[in-house]
Every structure is written in C-alpha cells, then in structure tokens.
Amino acid sequence: MPKQFGQILVKWAKENFRELPWKEDNDPYKIWISEIILQQTRISQGLPYYLKFVKKYPDVFALAKAPENEVLKLWEGLGYYSRARNLHHTSKVIAFEFNGRFPNTYEELLKLKGIGPYTAAAIASFAFGKSHPVVDGNVLRLISRYFGIENSIDEGQTKKYIEAICESAIRDQDPAIFNQAIMDFGSQICSPKKSKCENCVFQSNCVAFDKQMVSTLPKRTKKIRKRERYFLFVIEHKDGKVIIEKRIAEDIWKGLYQFPLIETTKVNFDSNGLKEIIDQKYDVEIETISQSITNVLTHQTIRVKFVFTKNFKIGKGQKRIKTASIYKYAFPRVITRFLDELSWD
DNA sequence: AAATCGTGGGC
DNA sequence: TGCCCAAGATT
C-alpha cells in the first residue's frame with residue numbers, strides 16, 4: 001500500500017463531497033440509527049426510514065420508551081427485521097443501563113446487539129473520531145481490485161487481510177473523512193459493474209486494472225440455496241374485523257403479523273383440493289381463493305395464496321382486530337401489497 | 001464456518 | 001427474466 005493511498009482518497013472525496021443528513025452534527029444516536037438502517041441497504045431505500053425514525057424518536061430515550069410493535073411498524077417494508085428488534089433492544093440498554101450515554105470505543109460498541117465490526121467502526125469514527133476503518137462491501141471490492149486479491153471475500157481470512165490493509169491506510173488520515181471517502185469511492189468509482197476506470201485516480205497502481213480483472217474481482221464463493229415454500233393466508237372478514245397472529249418463531253418476518261397461516265407443500269398448494277388441506281388445520285368455510293403470488297426473497301421463494309373464509313374458529317395466539325386498525329400492525333410486504341389492492345367492501 | 005435474515009433497483 | 005447486489009449481523 002503506497003503511503004499516498006489515503007491522501008489521494010481524501011483529496012478525491014473532498015472534490016466529490018456530498019452531505020449526508022446524519023452527519024450534520026456528530027450525534028452518535030443519529031449516526032447509529034443511520035448505520036443500522038443502511039446495513040445491506042441502499043441510501044435511496046433507507047433515507048425515508050431514517051427521516052421517519054429520527055422524527056418520531058429524536059433521541060435514545062424516545063426510542064427506548066416505544067413499544068417494540070411500534071418500532072417494527074416504522075420499520076415495515078425495509079426488511080431484515082432483526083435490525084429493528086436489536087435496535088430497540090440496544091436503545092433500552094443505552095437509555096436505562098448507561099443513562100443515555102453512548103459507548104464511545106470500538107470495543108464497547110461491538111458488545112451491543114446489532115452492532116458488528118462495520119457498524120462499530122462507523123460509529124467510532126463518525127461520532128467519536130476514533131481511528132477504525134470501515135470494511136463494507138464497497139471497501140472489500142476496492143481493496144480486492146487494487147491489490148488483485150483473488151481469494152474469496154466470503155472467507156474470514158480474506159476479510160482480516162483487507163482489514164489490516166485498511167488499518168494501516170487510515171493511520172495518517174482523519175478517520176471520519178477517510179471512512180466516508182473509501183466507501184464513497186467504492187460505490188461511485190469502483191462500482192460492481194461499469195467501474196469508472198477511465199478517470200480513476202488509482203489506475204496506475206491498480207493490479208486488477210493492469211491484469212484486466214476488474215470485472216472478475218472481488219471473488220465470491222458462497223452460493224445461495226433457495227428454498228421453495230408455500231403459504232396459505234386465511235382471511236376472515238366479518239363485522240369489520242379480521243383475524244391476525246404474530247410470527248414468533250425463529251423464521252423469516254419474526255415479530256411481524258400475518259393472517260392465520262397454513263404452510264403446505266407444492267403438491268397440496270397446486271391441487272384442486274385445497275379445501276381438505278385447510279380443513280385439516282382450521283374449522284372454516286371457504287369462500288374464495290386468490291391466485292398464487294410469488295414472493296422472491298434472498299434465500300427462499302414463497303408462493304402465497306389468500307384464502308377468504310367464513311366462520312373461522314379463532315385459535316391460540318390469534319386475535320380479532322378492526323380492519324380500520326390494521327395500519328397499527330407491521331406486516332410483511334407480500335401482505336401489505338395485497339391489502340393495498342383490496343377494499344374490504 | 002456456513003446459513004439465514006427482506007426488499008427493491010439495475011440490467 | 002433471472003440474477004446480482006446493497007454503508008452486515010447473528011447463530
């Protein structure tokens with residue numbers, strides 16, 4: 001790593017500076033909220049949620065005092081809901097155990113739920129000026145290409161190697177500026193596709209550019225296995241009320257609500273005898289069944305049908321709510337999208 | 001260590 | 001269209 005790497009990076013960033021709302025002041029709370037929201041999430045997708053969160057919960061006490069369901073409702077649609085649950089959990093730790101004082105070291109931050117190596121480094125540097133490099137997807141890509149690292153970035157060793165490189169690079173720089181710069185550069189110039197190599201300030205030293213490996217680096221070895229699942233959501237709309245239940249299992253959408261669910265097999269899902277399948281679990285009369293809706297997630301493809309019924313016998317863990325108060329509960333996207341199309345005549 | 005956790009945009 | 005990917009963390 002040439003010593004000028006950090007300098008060149010910071011110089012580039014100052015010429016391409018863009019203000020981010022959570023960096024207006026150095027409020028660790030706001031920086032924390034923004035970093036959790038931005039995990040595996042693009043700024044354009046996360047920004048509206050950030051604005052909602054700091055408006056409704058201006059400080060850690062406001063967040064800590066809120067009920068979890070309310071926090072999940074605000075998070076609805078953003079995905080990876082454990083982030084919201086951990087965010088809320090950690091807000092209570094900070095508010096009630098630390099009396100609202102935010103941990104200000106990398107090591108202490110790392111102990112908090114939902115804060116891993118990236119987020120600890122981000123908060124430590126952006127809020128407290130501590131010298132810890134952020135190593136996110138942008139950084140892994142940039143460093144892999146610059147050094148021509150052909151080992152998979154999925155491996156812990158590779159990540160540690162890149163972290164070590166960044167620790168030396170950040171040393172002589174302002175930590176916050178360096179971290180912002182390296183991520184901005186990775187996302188704007190050293191992008192996954194259509195990298196802007198023509199006018200890249202690192203072109204002459206970049207191994208990947210020299211060896212024409214820009215499009216093949218970084219390497220990944222993990223392959224995603226996708227499961228197929230088949231969900232029947234049973235809806236009973238009666239007297240302006242519907243029945244819902246909370247997802248509590250260690251599974252997708254934990255903490256969110258849904259209509260009573262029957263998970264079934266492909267054969268049953270596609271068969272004409274869906275009634276028997278439903279009868280096995282619930283004592284109901286079936287009216288209509290929606291067409292199959294496909295919900296593609298990272299690790300599973302879920303086929304969903306909505307089954308409209310009468311005389312549903314309510315069971316444990318289920319409750320009737322007014323349709324007018326559905327908006328208070330957080331639902332998975334596949335359900336909110338369906339509800340948006342629906343009018344409860 | 002490897003699998004899992006959502007959603008939406010880009011091509 | 002189907003696949004990749006996105007300011008990762010947890011178990």
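All figures in this text were calculated on a predicted structure; none of them were measured in a lab. A note on names: the letters A, B, ... follow the listed sequences, proteins ahead of strands, and every chain is numbered from 1.
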Quiz item: Which of the following nucleotides, B/dT7, B/dA3, B/dC5, is nearest to the side chain of A/Arg225?
Solution: B/dA3
Self-check item: For A/Asp283, all residues meeting salt bridge (charged side-chain N to carboxylate O under 4.0 Å, His left out), sequence neighbours excluded
Solution: none
Self-check item: Residues, nucleotides or ligands: over 12 heavy atoms within 6.0 Å of A/Lys52 NZ
Solution: yes
Quiz prompt | Sugar-phosphate, base or nothing in reach of A/Thr41, heavy atoms under 4.0 Å | solution = base
Quiz item: Atom OH of A/Tyr118 and atom C1' of C/dA9: how far apart are they, to the nearest Å?
Solution: 13 Å
Quiz item: Between atom CD in A/Gln39 and atom C1' in C/dC5, what is the gap in whole Å?
Solution: 16 Å
Quiz prompt | A/Gln45 vs A/Gly116, nearer the 5' end of DNA chain C by closest nucleotide | solution = A/Gln45
Quiz item: Within the structure shown, what part of the strands sits under 4.0 Å from A/Ile224 by heavy-atom distance: base, sugar-phosphate, or nothing?
Solution: nothing
Practice problem: Identify whether any heavy atom of A/Gln180 sits under 4.0 Å from a base atom; if not, whether one sits that close to sugar-phosphate; answer base, sugar-phosphate or nothing. | Solution: base
Quiz item: Taking side chain as C-beta onward, heavy atoms only, is A/Leu217 less than 4.5 Å from A/Phe147?
Solution: no
Quiz item: Contact class for A/Lys113 vs. all strands (heavy atom < 4.0 Å): base, sugar-phosphate, or nothing?
Solution: sugar-phosphate
Self-check item: Contact nearer the 5' end of DNA chain B, comparing A/Val296 with A/Gly156
Solution: A/Gly156
Self-check item: Spacing of the P atoms in B/dG6 and C/dT1 (rounded, Å)
Solution: 24 Å
Exercise. Would you classify A/Arg42 as touching base, sugar-phosphate or nothing, given that sugar-phosphate means primed atoms plus P, OP1 and OP2, and contacts are heavy atoms under 4.0 Å?
Key: base
Quiz prompt | Atom pair distance, as rounded to whole Å: CG in A/Asp184 and C1' in C/dA7 | solution = 10 Å
Practice problem: Looking only at side-chain atoms of A/Pro117, point me to the closest of B/dG6, C/dA7, C/dA9. | Solution: C/dA9
Quiz item: If you find the nucleotide of DNA chain B closest to A/Lys194 and the one closest to A/Gly77, which residue's nucleotide is nearer the 5' end?
Solution: A/Gly77
Quiz item: Atom NZ of A/Lys222 and atom P of B/dT4: how far apart are they, to the nearest Å?
Solution: 11 Å
Exercise. Look at the side chain of A/Thr298 against the base of B/dG6 and say whether a donor-acceptor pair falls under 3.5 Å; ignore hydrogens and angles.
Key: yes
Quiz item: Do any side-chain nitrogens or oxygens of A/Trp253 fall under 4.0 Å of OP1 or OP2 in B/dT4?
Solution: no
Quiz item: How is A/Arg141 classified with respect to the nucleic acid when contacts are heavy atoms under 4.0 Å: base, sugar-phosphate, or nothing?
Solution: sugar-phosphate
Self-check item: Between B/dT4 and C/dA7 - P atom distance, rounded Å
Solution: 23 Å
Quiz item: Does a side-chain N or O from A/Gln300 land closer than 4.0 Å to OP1 or OP2 of B/dC5, or not?
Solution: yes
Quiz item: What is the nucleic acid contact for A/Ile252, judged by heavy atoms within less than 4.0 Å: base, sugar-phosphate only, or nothing?
Solution: sugar-phosphate
Quiz prompt | Nucleotide C/dC5, atom P - distance to CG of A/Asn138 in whole Å | solution = 13 Å
Quiz item: So what does A/Ile115 hit on the nucleic acid, given a heavy-atom distance under 4.0 Å: a base, only sugar-phosphate, or nothing?
Solution: sugar-phosphate
Quiz prompt | P-based separation of C/dC4 from B/dA3 [nearest Å] | solution = 16 Å
Quiz item: For C/dT10, does either OP1 or OP2 sit under 4.0 Å from a side-chain N or O belonging to A/Tyr80?
Solution: no
Quiz prompt | A/Phe53/A/Trp75 aromatic ring centres below 6.0 Å | solution = yes
Self-check item: Nearest-angstrom distance from the residue atom CG of A/Leu110 to P of C/dA9
Solution: 8 Å
Quiz item: Nearest to the side chain of A/His299, which nucleotide is it out of B/dT4, C/dA9, C/dA7?
Solution: B/dT4
Practice problem: Look at the side chain of A/Tyr81 and decide which nucleotide, out of C/dA7, B/dT7, B/dC5, has an atom nearest to it. | Solution: B/dT7
Quiz item: Would one find a side-chain N or O of A/Arg83 under 4.0 angstrom from OP1 or OP2 of B/dT4?
Solution: no
Quiz item: Cation-pi between A/Lys23 and A/Phe126: NZ/CZ under 6.0 Å from ring centre and within 45° of the ring axis?
Solution: yes
Practice problem: By nearest nucleotide on DNA chain C, pick out whichever of A/Asn86 and A/Glu35 is the more 5' one. | Solution: A/Glu35
Quiz item: So what does A/Asn179 touch, heavy atoms closer than 4.0 Å: a base, only the sugar-phosphate, or nothing?
Solution: nothing
Self-check item: Modelled atom types, side-chain donor and acceptor of A/Gln7 and A/Gln173, under 3.5 Å
Solution: no
Practice problem: Could you state the atom-to-atom distance from CG of A/Leu38 to P of C/dG8 in whole Å? | Solution: 8 Å
Quiz item: Counting any heavy atom closer than 4.0 Å, what does A/Thr119 reach on the DNA or RNA strands: base, sugar-phosphate only, or nothing?
Solution: sugar-phosphate
Quiz item: Are OP1 or OP2 of C/dA6 and a side-chain N or O of A/Gln40 less than 4.0 angstrom apart?
Solution: no
Quiz item: What do you reckon, are the aromatic ring centroids of A/Phe5 and A/Tyr146 less than 6.0 Å apart?
Solution: yes
Quiz item: Are side-chain heavy atoms of A/Phe331 and A/Ile244 found at a separation under 4.5 Å?
Solution: yes
Quiz item: Starting at CD1 of A/Ile37 and ending at C1' of C/dA7, how long is that distance when rounded to a whole Å?
Solution: 12 Å
